[in-house]
Protein chains: 2
Amino acid sequence: MASHRSSMGDPTRTLELLWRDSLPVKAQRGPKQALTVTAVVAAAVALADAEGLDAVTMRALAGKLGIAPMALYTYVPGRAELIDVMLDTLYAGMARRKPKGRDWRSRLEAVAHDNRALFHEHPWLAEVSTTRPPLGPGQLAKYEYELQALEGEGLDDVEQDAALMFVLGFVESSARAAADQRAARLESQMSDGAWWEANAPLLTRMFDPERYPIASRVGSAAGAAHGAAYNPDHAYAFGLERILDGLSVLMERPRTPRAPARKTARKRGG
Amino acid sequence: MASHRSSMGDPTRTLELLWRDSLPVKAQRGPKQALTVTAVVAAAVALADAEGLDAVTMRALAGKLGIAPMALYTYVPGRAELIDVMLDTLYAGMARRKPKGRDWRSRLEAVAHDNRALFHEHPWLAEVSTTRPPLGPGQLAKYEYELQALEGEGLDDVEQDAALMFVLGFVESSARAAADQRAARLESQMSDGAWWEANAPLLTRMFDPERYPIASRVGSAAGAAHGAAYNPDHAYAFGLERILDGLSVLMERPRTPRAPARKTARKRGG
DNA sequence: TGCAACTCCGTACGGCGTACGTAGATTGGG
DNA sequence: CCCAATCTACGTACGCCGTACGGAGTTGCA
C-alpha cells in the first residue's frame, strides 16, 4: 500500500488502459462486462474523495460497485494501474479556460491556482506522485494547455518545460504540506493549540533560547503571525510570488535576436 | 503502511522518545533492556538505506536485531514513531559546517545542497513527509543552523521562516521526483530507452502533433536535451537558480530604515 | 521477602493485494 | 446449428503487514 503508481509488469497494458477511448475495440468473445473501466474509475475517485486513498481497497471498491473483489481485475490489472487511471481522468477533466491572461505572469498564476484547486478538491492527490504521471490523454492535454501560458515569452523549449515543471512541483509540494498538516491534526485529535498546551512543559524545557537564538526568535514570530507552526496558505502565496519573480528574471534577460527556439526534433524520451 | 509519521495516541510519548537523551532517566524496575532506542533506530536507518522504507517492517527489523518482533514495542510505540525518530536522528547528524558563505546566496545554496545530499544518501527520505517534522533535537538544531543563512539580510522574521521553508520544500520536491523516476525505472525493469521503444507504436499513434503542437515541440526538445523525459539534476539546478533569483528580488527591495525585525515574542505554536 | 514494574515474546486478529482455478456466458467459425 | 474458443465473474487461499493481548521471567525497592 505504500508505493502507488504502476509501470509494473507489462507497461503497455497501462497505456492501453489510459488511451482506451481512442483505441479500436478488440473483438469480444465472452459475455459483456457489467461495468466499464470508466465507471470503476469514477467510483474509485468518489471513494478516495470521501474517505482518502487508503480507503480505496480492492475489496471496498468492489463493495461499492456491487461486484466481487476479484472481478475488479477484469477491468484493471491492479491497484497501482487503477490509481494511474484515476489521476489521468482528473487531469482530463480539468477546466481549460482560454488562457485569457494578459501577461505571462497572470497566466502562470492561473495555472498554479487551477492545480492547487485540483489538490483541494481531491486531497488524496497529495499522496500520489504526479510529478511523472503516466502518459495518458489527460496528462497530455494538460501539458499542452499549461505550456500555452509560457509560449512566446522568450524562453527556449527546454526552459519552457523546466519552468512549467518547476511551478507544478511547487504546487504539489505545498499541497502535500497542507495535507500533511491536515492529517496530523486529524490523527492527533487535537487542535494546534491543544497540542501545544499538552507538550509545552516538555518543549519549553528543551527549547533553550540561548542555545537556539534565531530559531527561538523566528519560530515565535512565525507561530504568532500564522496562529500555528505552519500556514499552508501563506506558504503558497509566498512561494508563488518568489517563483514568479524568479522566472521574471529569466524572462527579462537580454535576449539574442531570437530565431525561434526550436531545437532538435528527436522524439521525446530516449 | 501508506501513511507514515505519527502523533498518534499520546503525543507526548513521541516527544519523550525524541528528546530521550536530554531527559532524566526514569527509575527502571524490571530487567535491563538488551538494546537501546538509538541502536534500534540505527538498524532501522541501515535497513531503509539498503532496501527502502517498505523493507523496514517490524518483523524484518526485529530479525536484523536478533529479537522477536513484539520486543520492538518496548523500545518504540509503533512503526510511525520509529520513523519520526529515524528522521530526527538524520537531522541531528547533518554536518554543520560554519556558514562560511560570503553572501546569502551561496549560503542558501549550501543549505539546499546539504539537504539534497541527505536525500541522496537516504533515498527513503523522499517517502516521508519532512515538511512538518516532529519537534526533536535534530530538527531544532537544523532549523537554527539553516536560519543563519538568512540572518541579517533584510528579511523580517516571518519572511525568514517562509523563505527557508520554501527552499527546503523545493529540495524535497525535486528529491521526490528523482526518487519516483528511479523507482519507476526499477519497477519496470527497463531503461527509459527500452520503455520508449516498447511503447512508441502506441504513443506515436496517439500523440497528434497538430492537436498538441506545443507539447509536441517542447516535449521533444526537453527529451532530446535530457536524454530522458525528465532529468532530476537539471530540474534541481534550474529550480534552485529561479528560487534564488526570486528571493533576491525580495532581499533587494527598498527597505525601511529598519529597526531590527523582531516582532511579537509569543511562543511558537498556538 | 514479597510484590510491583518492567522486558521479552508467542499467539492471534483483522486487514491488505492478488495468484490461481473454475463455472458459466457468449459468440465466431465450420 | 453446434461447439470450441474465449471471455467474465468470483471463491478460496497465500503471504504479507501492524499490533493487541496476556503470560512468563527478571529485577529493584519497600
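Everything numeric here is computed off the predicted structure, so don't read it as measured data. All chains are named by letter (A, B, ...) in the order of the sequence lines, taking the proteins before the strands, and each is independently numbered beginning at 1.
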Starting the side chain at C-beta, find the nucleotide from [options] nearest to [X].
X: M70(A); options: dC10(D), dG24(C), dG25(D); value: dC10(D)
X: Y75(A); options: dG25(D), dA9(D), dC16(C); value: dA9(D)
X: A34(A); options: dC10(D), dG18(D), dA9(D); value: dA9(D)
X: A71(B); options: dC10(D), dC9(C), dC17(D); value: dC9(C)

Distance in angstrom units between [X] [atom1] and [N] [atom2], rounded:
X: K32(B); N: dA5(C); atom1: NZ; atom2: P; value: 17 Å
X: R59(A); N: dG14(C); atom1: CZ; atom2: C1'; value: 10 Å
X: L61(A); N: dG17(C); atom1: CG; atom2: C1'; value: 13 Å
X: R79(B); N: dC17(D); atom1: CZ; atom2: P; value: 10 Å
X: R29(B); N: dC8(C); atom1: CZ; atom2: P; value: 18 Å
X: L72(B); N: dC21(D); atom1: CG; atom2: C1'; value: 17 Å
X: I67(A); N: dC7(D); atom1: CD1; atom2: P; value: 19 Å
X: D54(A); N: dC16(C); atom1: CG; atom2: C1'; value: 11 Å

Nearest non-hydrogen partners of P123(B) and R182(B), listed with the distance =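 The answer is CB-NH1, 3.5 Å.
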
Which atoms form the tightest heavy-atom contact between T12(B) and L202(A), and what is the distance?
->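 Where T12(B) meets L202(A) most closely, the heavy atoms are CG2-CD1, 4.4 Å.
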
Anything under 30° is parallel, anything over 60° is perpendicular, the rest tilted; go ahead and classify H234(A) against H226(A).
-> tilted

State whether a side-chain donor-acceptor pair under 3.5 Å links R20(A) with T38(A).
-> yes

Classify the side-chain pair Y143(B)/D161(B) by whether it contains a donor and acceptor separated by less than 3.5 Å.
-> yes

Where do Y75(A) and L17(A) land on the side-chain contact (heavy atoms from CB on, under 4.5 Å) test, with the steps shown first?
-> CA-CA 9 Å; Y75(A) 297 92; L17(A) 205 59; over 6 Å; no

For Y212(A), all residues meeting ring-ring contact (aromatic ring centres under 6.0 Å, His included), sequence neighbours excluded |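 Once residues adjacent in sequence are excluded, Y212(A) has no partner under the ring-ring contact (aromatic ring centres under 6.0 Å, His included) criterion.
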
Comparing nearest nucleotides in DNA chain C, the 5'-proximal residue of the pair Q33(B), P69(B) is Q33(B)

The answer to which of G30(B) and P31(A) contacts DNA chain D further toward the 5' end, by nearest nucleotide, is P31(A)

For the helix from dT1(C)-dA30(D) to dG30(C)-dC1(D), how many degrees between its two end axes (five pairs per end), to the nearest 10°?
-> 10°

